[in-house]
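To start, the structure under review is shown below, and the notes come after it.
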Amino acid sequence: MRLSRFPIATTKETPADAEIVSHRLMLRAGLIRKLGAGLYTWMPLGLRTLRKIESIVREEMNRAGAVELLMPSIQPAELWQESGRWDVMGDEMLRIKDRHKNDFCYGPTHEEVITAIVRADVRSYRQLPINYYQIQTKFRDERRPRFGVMRAREFLMKDAYSFSTTAEDLSQQYELMREAYIRIFTRVGADFRPVQADSGNIGGAKSEEFHILALAGEDLLAVSTEGSYAANVEAAETKASGPRAAATATLEKVSTPGQKTCEQVSKFMKVPLTAKVKLMVAKAADGGLIGIAVRGDHEINPIKAAKHPKVASPFEMAKIEDVQKAFGCEVGYLGPVNAPIPVIADFAASELADFVCGANEVDHHLKGVNWGRDCAEPETADLRMIVEGDPSPDGVGTIRLLRGIEGGHIFQLGQKYSKAMSLTVQGENGEAITPEMGCYGIGVSRMAAAVIEQSHDANGIVWPDAIAPFRVIVTPIGTDKSPAAKAAAETLYEQLIGAGVDALLDDRGLRPGPMFADADLIGIPHRIVIGDKGLAASQFEYKHRRADKAEMIPATLDAVLAKLG
RNA sequence: CGGGGCGUAGCUCAGCUUGGUAGAGCGCUUGCUUCGGGAGCAAGAGGUCGCAGGUUCAAAUCCUGUCGCCCCGACCA
């Protein structure tokens, strides 16, 4: 492609509302342009990268035996009513009406559609397993779109859905996808990590996320320092660590005027945060309130809490007024002793002896408190967020926290949708089999941003070869004075195109500064500079985007191809 | 959804407090010079100041409404 005919819209100015590096660089390099909140145009340069990611995904999905189709982005409400998700989805789903006033949604995902397709087309167990996938635009009305295409409302996603006759086969399909994902993320050039995950409201059993590691990542990952354990903190378990120490202190009420937070109380009473129990109040499964006790330095994990049978799902904190009514006391002084509601405790909180907690009386706390003696022995469970330094749940090493960008997610759904939508196939003996489903997503547009987040420098993007919009840029210098440089650049460019290389020729006739600046900003991995000086010695100048310095190479196509590898 | 902020030239922003002829830098056009890391000089083009009302002799500026966008928060007692 010739830059004189290929519009690139690079700017020096940093866009005002871009927070993170990838968003800034994508705008500055002219890869994307914003149309509205969470809505982006992929400009020609950006689209080339997007298509390359798509191709890698497509190739690996096909290699893994999945079959591509394309489902509509607009879906009728009936399907979602059938699965029961029409009322569950909330405002994230964009609902629209057609001219007949019928309800539709802009598909945030396609479990319902694919299940309906398989229900219509698949009759026999002989036709399974099958794994259908598509690369399709989705819309999720995020409550807060941000970071450019990282968390956009409209985005490009690869989603795949497998159907198996048995749970064992589902595991096999899942494993195939897991391997395909590892290949995809590796080929794209991302530094990534598969981690155990919560399956969220899609439902199902086993689930892993593929995270691209980056400081700007919105997810926290708990990984073992020595072992192989890795999980999203949302899903990371914490274990009971053993019996608690015997009670030694006597129960005592302490005046703590105005000390409402654990930090304040800890400072005021000169006890470590880890010796305090904080009691939070959530909505209970039975519609009432339930107290959840965690150690002062810990936080409730709402996802784990919601799985407790006594806690409402989804997890929701109680309204402050309701809490104050129940306790007859301000929040900030709550504790398990004489609590008017049932209390469950996280393992770590339940293991404390002689602890400090609120007295259920304004401006007062208790110290020397012991479970079983001063209040009921609580039911215990894993209810808290894992923290840095916790022992790894698999017993190997300790936990370190990393940040990641969720680039892919694979689930074993089981029969959630096949059951809800009455999908059956006939088995060997004529019986009806409800297929086991898996679903597997990759955020294609997000991945471009995530890779930039990992791979950039002060001058701009540093694309990995595999997804660079162009692999090499040919830059003639001093074309105003040197017809030779111009001609040599033209020749090399034509030769590269002839050799099947994605090459870009900067034939804009600009001064060198702007040409180099643009080439760096848009992140072309390889650069060939052609000038009179080099040509006099039959040499081109070669520089890799990551290299500090350029080097001289023979002025031949072969020498250039050798550098491209 | 709660709180805060911003809408002025293609882009980044000033002007608004204290109402009185629409501004800068970048970008763009033309010419000359320059030509190895975002050049210099000169001349130009380009804006119903988000939209709708209101106050006023007069509104980018004050008031009301509305739309859009951005940021923070949304379990951390």
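The figures that follow rest on heavy atoms only: side chains count, while hydrogens, waters and symmetry mates do not. Letters A, B, ... are given to chains in the order of the sequence lines, protein chains preceding strands, and every chain is numbered from 1.
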Examine the side chains of A:Tyr333 and A:His364 and answer whether a donor and an acceptor come within less than 3.5 Å of each other. no
Can you check the distance between B:A9 and B:A45, where both ends of the measurement are the C1' atom (answer in whole Å)? 11 Å
Value in whole Å for how far the P atom of B:A77 lies from CD1 of A:Ile292: 14 Å
If I pick the P atom on B:U66 and the same atom on B:C1, what distance separates them, to the nearest angstrom? 13 Å
B:G25 and B:G19, which share atom name C1', separated by this distance in whole Å: 27 Å
May I ask you to establish whether A:Arg295 and A:Phe355 are in a cation-pi arrangement, using a distance under 6.0 Å from NZ or CZ to the six-membered ring centre and at most 45° from the ring axis? no
With rounding to whole Å, what would you report as the distance between B:C63 and B:C26 at their C1' atoms? 36 Å
Determine which nucleotide pairs with B:C49, using a 3.5 Å limit on both distances of a Watson-Crick or G-U wobble pair. none
Whole-Å distance, A:Glu142 CD to B:A74 P, equals 17 Å
A:Leu289 CG to B:C75 C1', straight-line distance once rounded to whole Å: 14 Å
Under a 3.5 Å cut-off for both contacts, is B:G68 paired Watson-Crick or G-U wobble with anything, and if yes, with which nucleotide? B:C6
Do A:Glu13 and B:G27 share a donor-acceptor pair, side chain to base, under 3.5 Å? no
B:U56 pairs with, by Watson-Crick or G-U criteria that keep both distances under 3.5 Å: none
Using whole Å, what does the distance between atom P of nucleotide B:A77 and atom NZ of A:Lys278 come to? 5 Å
Base-pairing mate for B:C75 - Watson-Crick or G-U, with both contacts under 3.5 Å: none
Keeping A:Ser266 on the side-chain end and A:Val271 on the backbone end, is there a donor-acceptor pair under 3.5 Å? yes
Applying the 3.5 Å cut-off to both distances, the Watson-Crick or G-U partner of B:U17 turns out to be none
Within the 4.0 Å heavy-atom criterion, would you say A:Ile300 contacts the bases, only the backbone, or no part of the nucleic acid? base
Using a cut-off of under 3.5 Å, enumerate the N/O to N/O pairs linking the protein to nucleotides 22-24 of chain B.
none

Charged N to carboxylate O under 4.0 angstrom, A:Arg146 versus A:Glu19? no
The Watson-Crick or G-U wobble partner of B:C35, with both key distances under 3.5 Å, is none
Euclidean distance for C1', B:C13 against B:G54 (whole angstrom): 30 Å
Side chains of A:Thr137 and A:Glu154, heavy atoms from C-beta outward: is any pair under 4.5 Å? yes
Salt-bridge criterion met for A:Glu490 and A:Arg2 (N-O under 4.0 Å): yes
Charged N to carboxylate O under 4.0 angstrom, A:Asp219 versus A:Arg403? no
Apply salt bridge (charged side-chain N to carboxylate O under 4.0 Å, His left out) to A:Lys278 and list each qualifying residue two or more places apart in sequence or on a separate chain. none
Identity of whatever pairs with B:U12 - Watson-Crick or G-U, under 3.5 angstrom: B:A24
Say you pick atom P in B:U12 and the same atom in B:A77; how far apart are they, in whole Å? 39 Å
Rounded to whole Å, how long is the line connecting atom NZ of A:Lys319 with atom P of B:A74? 18 Å
Base, sugar-phosphate alone, or nothing: which one does A:Val294 contact when heavy atoms must sit under 4.0 Å apart? nothing
Could you name each residue pair satisfying side-chain hydrogen bond (donor to acceptor under 3.5 Å, both in side chains) that touches residues 453-462 of chain A, not counting sequence neighbours? A:Ser22-A:Glu453, A:Ser455-A:Arg546, A:Asp457-A:Arg545
Can we say A:Glu541 and A:Arg527 salt-bridge, meaning some charged N sits less than 4.0 Å from an Asp/Glu carboxylate O? yes
Residue list, salt bridge (charged side-chain N to carboxylate O under 4.0 Å, His left out) with A:Lys367, at least two apart or on another chain: none
Where do N or O atoms of nucleotides 66-70 of chain B meet protein N or O atoms at under 3.5 Å, pair by pair?
{"from": "B:C69", "atom 1": "OP1", "to": "A:Ala37", "atom 2": "N", "distance (Å)": "3.2"}
{"from": "B:C69", "atom 1": "O3'", "to": "A:Lys34", "atom 2": "NZ", "distance (Å)": "3.0"}
{"from": "B:C70", "atom 1": "OP1", "to": "A:Lys34", "atom 2": "NZ", "distance (Å)": "3.4"}

Should A:Phe470 and A:Leu3 count as side-chain neighbours, where that means a heavy-atom distance under 4.5 Å? no
Between A:Arg244 and A:Glu377, does at least one N-O distance fall below 4.0 Å, as a salt bridge requires? yes
Check the distance between B:C75's P and A:Ile344's CD1 and give it to me in whole angstrom. 18 Å
Quantified in whole Å, what is the P atom distance between nucleotide B:G15 and nucleotide B:G31? 37 Å
Atom P, compared across B:G36 and B:G73: separation rounded to whole Å: 49 Å
Nearest-Å distance for atom pair CD/C1', residues A:Glu299 and B:C76: 6 Å
Separation of B:C1 atom P from A:Asp91 atom CG, nearest Å, is 8 Å
Please enumerate all protein N or O atoms sitting under 3.5 Å from an N or O of nucleotides 29-40 of chain B, with distances to 0.1 Å.
{"from": "B:U34", "atom 1": "O2", "to": "A:Arg511", "atom 2": "NH1", "distance (Å)": "3.2"}
{"from": "B:C35", "atom 1": "N3", "to": "A:Asp480", "atom 2": "OD2", "distance (Å)": "3.2"}
{"from": "B:C35", "atom 1": "N4", "to": "A:Asp480", "atom 2": "OD2", "distance (Å)": "2.8"}
{"from": "B:G36", "atom 1": "N1", "to": "A:Glu541", "atom 2": "OE1", "distance (Å)": "2.8"}
{"from": "B:G36", "atom 1": "N2", "to": "A:Glu541", "atom 2": "OE1", "distance (Å)": "2.4"}
{"from": "B:G36", "atom 1": "N2", "to": "A:Glu541", "atom 2": "OE2", "distance (Å)": "2.6"}
{"from": "B:G37", "atom 1": "O6", "to": "A:Arg527", "atom 2": "NH1", "distance (Å)": "2.8"}
{"from": "B:G37", "atom 1": "O6", "to": "A:Arg527", "atom 2": "NH2", "distance (Å)": "3.0"}
{"from": "B:G37", "atom 1": "N1", "to": "A:Asp520", "atom 2": "OD2", "distance (Å)": "3.0"}
{"from": "B:G37", "atom 1": "N2", "to": "A:Asp520", "atom 2": "OD2", "distance (Å)": "2.4"}
{"from": "B:G38", "atom 1": "O2'", "to": "A:Lys12", "atom 2": "NZ", "distance (Å)": "2.8"}
{"from": "B:G38", "atom 1": "N1", "to": "A:Asp518", "atom 2": "OD1", "distance (Å)": "3.1"}
{"from": "B:G38", "atom 1": "N2", "to": "A:Asp518", "atom 2": "OD1", "distance (Å)": "3.4"}
{"from": "B:A39", "atom 1": "OP2", "to": "A:Arg511", "atom 2": "NH2", "distance (Å)": "3.2"}
{"from": "B:A39", "atom 1": "O4'", "to": "A:Arg511", "atom 2": "NH2", "distance (Å)": "3.3"}

Could you say whether A:Arg143 or A:Leu334 is positioned toward the 5' end of RNA chain B, judged by the nucleotide with the nearest heavy atom to each? A:Arg143
Would you mind checking if A:Asp502 and A:Arg48 are paired as a salt bridge, meaning a charged N to carboxylate O distance below 4.0 Å? yes
